[in-house]
A.B. asks: 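Questions regarding the structure given below will be posed in turn.
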Amino acid sequence: MQKKQTETPNRENWETLWINANIATMAEGNVDYGTIFNGALAVSKGKIVWLGTMDELAIINYSSRQILDGKGKWLTPGLIDCHTHIIYGGNRANEFEMRLQGKTYEEIAFAGGGILSTVAATRSASEQELLADAKYRLMALHKEGVTTVEVKSGYGLNLETEIKMLKVAHLLEKELPVTVEKTFLGAHAIPIEFQNNSHGYINEVCNNMLPRISELGLADAVDVFCENIGFTLDETKQVLEAANKFNLPVKIHAEQLSNMKGAELASKYHALSADHLEHLCEEGIKAMCNANMTAVLLPGAYYFLRETQLPPIELLRHYQVPIAIATDSNPGSSPITSIQLMLNMACTLFKLTPCEALAGVTVNAAKALGLSDTKGKIAIGYDADIACWNIEQPAQLAYQFGVNPLTALMKAGKVVI
Ligand code: NIG
Ligand code: FE
């Protein structure tokens, strides 16, 4: 009787194998993109299960259901936009015109425009309308390689509309192959019902909205706008304390228009990140460093508000605070839904290196969202969220703008673009 052929025990059976690709793993911090030239990687059950060079692959006993030939192109981790406000009603093109005629962002906000005008439009929009508009924006990010996005509430400023926004954030994840991290930003502005009573509104956020949102499991994190047109340091502290009580991680909009020492305060509450930071001082940076926080820089808002105060890049580097880059996509300060433009602006406006910029939308953006163990790198055990680019060197991702070099996008092991 013929002996039954058995497979060698160490044969690898993969679902998908990428071959002939240069791989910017982003696994080695900011140095040389962690590149594997002429590499290959295997994917099974949504995870990266093997990674190496083509030479290393040649001596392995494997089979793969699907083989994707990279033909010398570049693979990077799927991009992560770690700070957005893409769910909102209406637009603020009128305020853009007012600013061009000399009004400042603060003046418009103090006069009842700004965030509050978007609050009115968001309250009157239906869930379906908000979803359709936000999906359109998320699609634009996704087509540029985004596989994970953070989305904030904060244009409801009452329980009903904040819940509506967070529900839309959950629905977005069902509509598109993008992981959506949801952040409750009830403390974004003082709503009209609480005019001149910020104390009353903060109590509402901490004692009513936050407990309910936590109970419903609608948010992954809590954010506060600590600013002269937002909330004071004391009010911010109250929100951070309440979030800690509900075991929700915190983050903060800080030092955007002035130095309120918000980043320093947030560091005491183990914040994931402090975001904007144009006016951040050295003390704040030290505090962020000691608390292992990420600095999220938002070049779109810097550009759109014609800000001139640069964030303290050199000091952030000196204290080795990881720098993430995000669109801040929102109707007031950054009506921009292009992560590729942010890569370019991070370099042209903030003088980041192209490698730092790419780290800002991959490994460091994952850190800003508390997702360092699963996303932002091409490494074994990590989620198979992978972008394939028709470029000759990774610096091109930041160097050029307008042609979209994305040729394929994999989300959780499935080719979705
Ligand atoms: O991140 N700074 C506060 N929030 C947004 C702007 C919101 C708005 O103007 O609608 C930001 O810039
Ligand atoms: Fe923001």
Side-chain angles (χ1 to χ4, degrees), residues 81-96 98-99 103-123 125 130 133-134 137 149-157 161-162 165 169 181-191 221-231 235-236 239 250-258 260 262-263 266 271-280 294-307 309 311 324-337 342 345 365 368-369:
D81 191 350
C82 67
H83 180 142
T84 84
H85 310 246
I86 53 171
I87 300 172
Y88 58 85
N91 72 77
R92 308 229 294 272
N94 58 328
E95 293 181 8
F96 177 50
M98 285 159 76
R99 283 199 299 106
K103 287 255 182 306
T104 67
Y105 184 65
E106 287 101 315
E107 281 166 355
I108 293 167
F110 279 129
I115 293 172
L116 289 187
S117 68
T118 300
V119 169
T122 305
R123 285 180 178 180
L130 290 178
D133 284 0
R137 293 178 196 115
V149 70
E150 184 256 16
V151 176
K152 299 174 198 294
S153 68
Y155 291 121
L157 310 187
T161 318
E162 288 293 306
M165 290 187 73
E181 289 291 300
K182 302 107 191 153
T183 301
F184 171 56
L185 177 57
H188 196 193
I190 300 157
V222 173
D223 194 348
V224 191
F225 185 25
C226 180
E227 191 51 73
N228 52 32
I229 59 166
F231 294 92
E235 292 160 348
T236 300
V239 177
V250 296
K251 54 183 83 174
I252 185 168
H253 280 71
E255 317 353 327
Q256 179 188 8
L257 308 167
S258 60
M260 305 261 297
L272 288 166
S273 69
D275 305 29
H276 283 288
L277 303 178
E278 280 85 345
H279 295 263
L280 180 66
T294 299
V296 179
L297 304 184
L298 306 167
Y302 174 92
Y303 156 81
F304 193 70
L305 296 181
R306 302 173 60 109
E307 178 63 66
Q309 172 74 39
I325 299 294
T327 60
D328 194 18
S329 184
N330 76 72
S333 68
S334 186
I336 296 172
T337 44
M342 294 309 100
M345 285 186 174
L369 296 179

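Position 1 is the first residue of the sequence, and the numbers go up from there. Side chains are part of it too, since the values below use all heavy atoms of this structure and drop only hydrogens, waters and symmetry mates. Every number for a ligand or one of its atoms is a count from 1 in the order of the listing.
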A.B. asks: Go through the side-chain N and O atoms of H276 and H83 and say whether any donor and acceptor fall under 3.5 Å apart.
C.D. replies: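 No donor-acceptor contact under 3.5 Å links the two side chains.
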
A.B. asks: For ligand 1, note which part of H276 has a heavy atom under 4.0 Å away: side chain, backbone, both or neither.
C.D. replies: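 For H276, the contact with ligand 1 is made by the side chain alone.
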
A.B. asks: Counting only heavy atoms, which portion of Y155 has something under 4.0 Å from ligand 1: side chain, backbone, both, or neither?
C.D. replies: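 It is the side chain that touches ligand 1; the backbone stays farther off.
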
A.B. asks: Pick, from L116, D328, V296, the option with the minimum heavy-atom distance to atom 11 (C) of ligand 1.
C.D. replies: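 The nearest heavy atom belongs to D328.
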
A.B. asks: Could you say whether the N/O atoms of T118 and ligand 1 ever approach to under 3.5 Å?
C.D. replies: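 No, no N or O pair falls under 3.5 Å.
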
A.B. asks: Name the closest protein heavy atom to atom 12 (O) of ligand 1, giving the residue it belongs to and the distance to 0.1 Å.
C.D. replies: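 For this ligand atom, the closest protein heavy atom is S333 OG, 2.5 Å.
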
A.B. asks: Among protein heavy atoms, which lies nearest atom 3 (C) of ligand 1, and at what distance?
C.D. replies: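 The answer is H188 NE2, 3.4 Å.
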
A.B. asks: What is the nearest protein non-hydrogen atom to atom 2 (N) of ligand 1, stated with its residue, atom name and distance?
C.D. replies: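 Of every protein heavy atom, Q256 OE1, 3.0 Å lies nearest to atom 2 (N) of ligand 1.
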
A.B. asks: Looking only at heavy atoms, which two atoms of G156 and V119 are closest? And how far apart?
C.D. replies: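 Taking every non-hydrogen atom into account, O-CG1, 3.6 Å.
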
A.B. asks: Okay, side chain of E150, backbone of T183: is any donor-acceptor separation there less than 3.5 Å?
C.D. replies: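 Checked: no pair found.
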
A.B. asks: Give the atom numbers and elements of ligand 1 that come within less than 4.0 Å of a heavy atom of H83.
C.D. replies: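 What qualifies from ligand 1 is 1 (O).
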
A.B. asks: Mark up the atoms of ligand 1 that fall under 4.0 Å of a heavy atom belonging to R92, in ascending order.
C.D. replies: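 The list of qualifying atoms is 8 (C), 9 (O), 10 (O).
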
A.B. asks: Identify the two heavy atoms, one from K152 and one from K251, that lie closest to each other, and give their separation to 0.1 Å.
C.D. replies: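 K152 and K251 have their closest heavy atoms at NZ-CD, 3.8 Å.
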
A.B. asks: Check for a donor-acceptor pair, side chain of S273 on one end and backbone N or O of A295 on the other, with a separation under 3.5 Å.
C.D. replies: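 It does not hold such a pair.
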
A.B. asks: Provide the protein N, O or S atoms situated under 2.8 Å from the Fe ion (ligand 2); waters are not included.
C.D. replies: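 Protein N, O or S atoms closer than 2.8 Å to the Fe ion (ligand 2): H83 NE2, H85 NE2, H253 NE2, D328 OD1.
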
A.B. asks: State the CG-CD1 distance between L272 and I252, to the nearest 0.5 angstrom.
C.D. replies: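 One finds 12.5 Å between CG of L272 and CD1 of I252.
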
A.B. asks: For Y105, counting its heavy atoms only, list the atoms of ligand 1 lying under 4.0 Å from any of them.
C.D. replies: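 In order of numbering, the contacting atoms are 6 (C), 7 (C), 8 (C), 9 (O).
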
A.B. asks: Do the rings of H253 and H188 sit parallel, tilted or perpendicular, given the 30° and 60° boundaries?
C.D. replies: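 Answer is tilted, since the angle falls between 30° and 60°.
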
A.B. asks: Check the surroundings of atom CZ in F110: do more than 12 heavy atoms from other residues, nucleotides or ligands lie under 6.0 Å from it?
C.D. replies: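 For F110, atom CZ is crowded (more than 12 foreign heavy atoms under 6.0 Å).
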
A.B. asks: Find all atoms of ligand 1 within a distance of less than 4.0 Å from any non-hydrogen atom belonging to F225, and give their numbers and elements.
C.D. replies: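 This gives 2 (N), 3 (C) as the contact atoms.
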
A.B. asks: Calculate, to the nearest 0.5 Å, the distance between atoms OG1 and CG belonging to T122 and L116 respectively.
C.D. replies: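 Going from the OG1 atom of T122 to the CG atom of L116 covers 11.0 Å.
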
A.B. asks: Can you tell me how far CG of L277 sits from CG of L298, rounded to the nearest 0.5 angstrom?
C.D. replies: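 So the CG of L298 and the CG of L277 are separated by 8.0 Å.
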
A.B. asks: Strictly distance-based, threshold 3.5 Å: is any side-chain N or O of E278 a donor or acceptor partner for the main-chain N or O of P311?
C.D. replies: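 The answer is no, because no donor-acceptor pair under 3.5 Å joins these two groups.
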
